[in-house]
Every structure is written in structure tokens, then in C-alpha cells.
*Asks:* 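To start, I am sharing the structure in question, which I have written as C-alpha cells.
In what follows, chains carry the letters A, B, and so on, assigned in the order in which the sequence lines appear, proteins first and then strands, with residues in each chain numbered from 1. Atom set for the values below is all heavy atoms of this structure, side chains included, hydrogens, waters and symmetry mates excluded.
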Amino acid sequence: AQSVTQLGSHVSVSEGALVLLRCNYSSSVPPYLFWYVQYPNQGLQLLLKYTTGATLVKGINGFEAEFKKSETSFHLTKPSAHMSDAAEYFCAVSLTGANNLFFGTGTRLTVIP
Amino acid sequence: DTAVSQTPKYLVTQMGNDKSIKCEQNLGHDTMYWYKQDSKKFLKIMFSYNNKELIINETVPNRFSPKSPDKAHLNLHINSLELGDSAVYFCASSQKDSFFTNYGYTFGSGTRLTVV
């Protein structure tokens, strides 16, 4: 079975501070991992994905994530938060041969001026 | 533009009505999906079609019936709408890599269904 756990349903950071959103996965086979962002009343936009190869993945808007197999983690980071980063962030996993994405429960990021 | 497009964006209807949501993708993907996002933002798959063939049918009331006339379209028809059906419904499509793993997921902008 596979699952994704996002620690912290709400995260608040000050503008300019480090953003760290946590994601841990459970999988019996090598996973493909994704981070999506959902701005208020909008759809899901892909931030970045890990499939194979380099474990540090860079995405859009200055975000990056590192796949750590030993820790079964795929945490999302950004060095300096902007007000425009306020949104809901979803971690998701897809498995070899599987036919869909399994989503975490989401983390709402608030950026404080 | 290449995208996954779904219509309508908003749908307000009364209990008991029948409604449809349409989805089209021009990305050339073989697999399409319907996801439901509830009021707590949780996303869960409802259906998945691969080349017009149903491959995932999660525990969803049979009032929900997907239809895929071709691999670029996946529509969702809902009969006898109930208050609990109120949610945001997302269409998505994906492509497989050489490991037959889906990874190129692209989502539509969602349809907010409100049943009154």
C-alpha cells in the first residue's frame, strides 16, 4: 500500500523567511513524487516532480524538494517566502504501474507581512 | 493552448437534478481522471480511463457515471444530485513513461458544484 503524510495542516511564515513543508511517503516500490500548489479558488498547478535521477529537484517559483529514500521524505523548501506563496500545497505519490496519484491532505501556507 | 479544460467552472443546481461536467485534453495523454475535492480540501480519485477503457472505479455512488467517447474526452454525469455531492471536481490527464508509470499529470481548473 502507498500513502502520503503531510505534517502540519497549517504553516505560517514571515515574508522573507524559509518555507519548509513536510511530506513523508510510504511505498513498497520506488515512488514518483510530486508537489502541487492550489491558489484560492483555482486548480492544481505542478510545482515540481521527482521521477528518477537527481534527488534534488528544482521547480517553479523558487521552490525545490529533495527525495531522501532513507527518510522516505520529499520536503518542499523555498529560501525566502513571498506574499504570493500563500496557498494550499499538496504532496502526491504515483507508483510504478499504478494508475493514479495519491494525495496528502494538504498544507495551507500563510505568509505574514 | 495545450491544456486540460473542463466546463462549467461553476454549477449550482437543486437536489434531485441531473447534471454533467465535461472535460477535454489536447495533450495527447492516454489516461484521464476525475478527482473530487471535498470541503476539507482532500483530493480523492473517483475514476480513471485509459484509452476510453475504465481502469479505476473507486467507491463512488452509481449515480456518478463517467463517459469517455474518445481518449481526449472524459465527461462526468451525475444523476439525482444530493447535498453531499457539493464539492470541487477536477479532471486530469497523464502520460506514462517507459516504466509504465504515470507521471505527466495535468489538472483542469476544476468545477465547483453546489447542490441546494
*Asks:* When the aromatic ring centroids of Tyr36(A) and Tyr105(B) are compared, is their separation below 6.0 Å?
*Replies:*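 So the answer is no for these two rings.
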*Asks:* With rounding to the nearest 0.5 angstrom, report the CG to OG distance, Leu101(A) to Ser48(B).
*Replies:*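 Those atoms lie 10.0 Å apart.
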*Asks:* Where does Gln38(A) contact chain B at under 4.5 Å (heavy atoms): side chain, backbone, both or neither?
*Replies:* side chain
*Asks:* Given the rule that I, L, V, M, F, W and Y join up when any side-chain heavy atoms are under 4.5 Å apart, are Leu47(A) and Tyr50(A) in one cluster?
*Replies:* yes
*Asks:* Please check if atom CD in Glu15(A) has more than 12 non-hydrogen atoms from other residues, nucleotides or ligands closer than 6.0 Å.
*Replies:*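 Atom CD in Glu15(A) is crowded, with more than 12 foreign heavy atoms closer than 6.0 Å.
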*Asks:* Under 4.5 Å between any side-chain heavy atoms of Leu44(A) and Tyr35(B), yes or no?
*Replies:* no
*Asks:* With a 4.5 angstrom heavy-atom cut-off, could you sort out which part of Gln42(A) is near chain B: side chain, backbone, both or neither?
*Replies:* backbone
*Asks:* Using a 6.0 Å cut-off, check whether atom NZ of Lys71(B) has over 12 heavy atoms from anything other than its own residue.
*Replies:*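 Yes, because the 6.0 Å sphere around NZ of Lys71(B) holds more than 12 heavy atoms from other groups.
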*Asks:* I'd like to know if Ile21(B) and Val4(B) are part of one continuous hydrophobic network [Ile/Leu/Val/Met/Phe/Trp/Tyr, side-chain heavy atoms within less than 4.5 Å].
*Replies:* no
*Asks:* Would Leu76(A) end up clustered with Met83(A) when hydrophobic side chains under 4.5 Å apart are linked, directly or stepwise?
*Replies:* yes
*Asks:* Quick check on the interface: out of Lys41(B), Lys9(B), Lys40(B), who has the most heavy-atom pairs with chain A under 4.5 Å?
*Replies:*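 Greatest number of close heavy-atom pairs with chain A: Lys41(B).
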*Asks:* Considering only heavy atoms from C-beta outward, does the side chain of Phe102(A) approach that of Leu43(B) to under 4.5 Å?
*Replies:*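 No, their side chains stay 4.5 Å or more apart.
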*Asks:* Hydrophobic clustering (ILVMFWY, side-chain heavy atoms < 4.5 Å, transitive) - are Tyr39(A) and Val13(A) grouped together?
*Replies:* yes
*Asks:* What part of Gln37(B) lies closer than 4.5 angstrom to a heavy atom of chain A: side chain, backbone, both or neither?
*Replies:*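 Side chain of Gln37(B) only, per the 4.5 Å heavy-atom cut-off to chain A.
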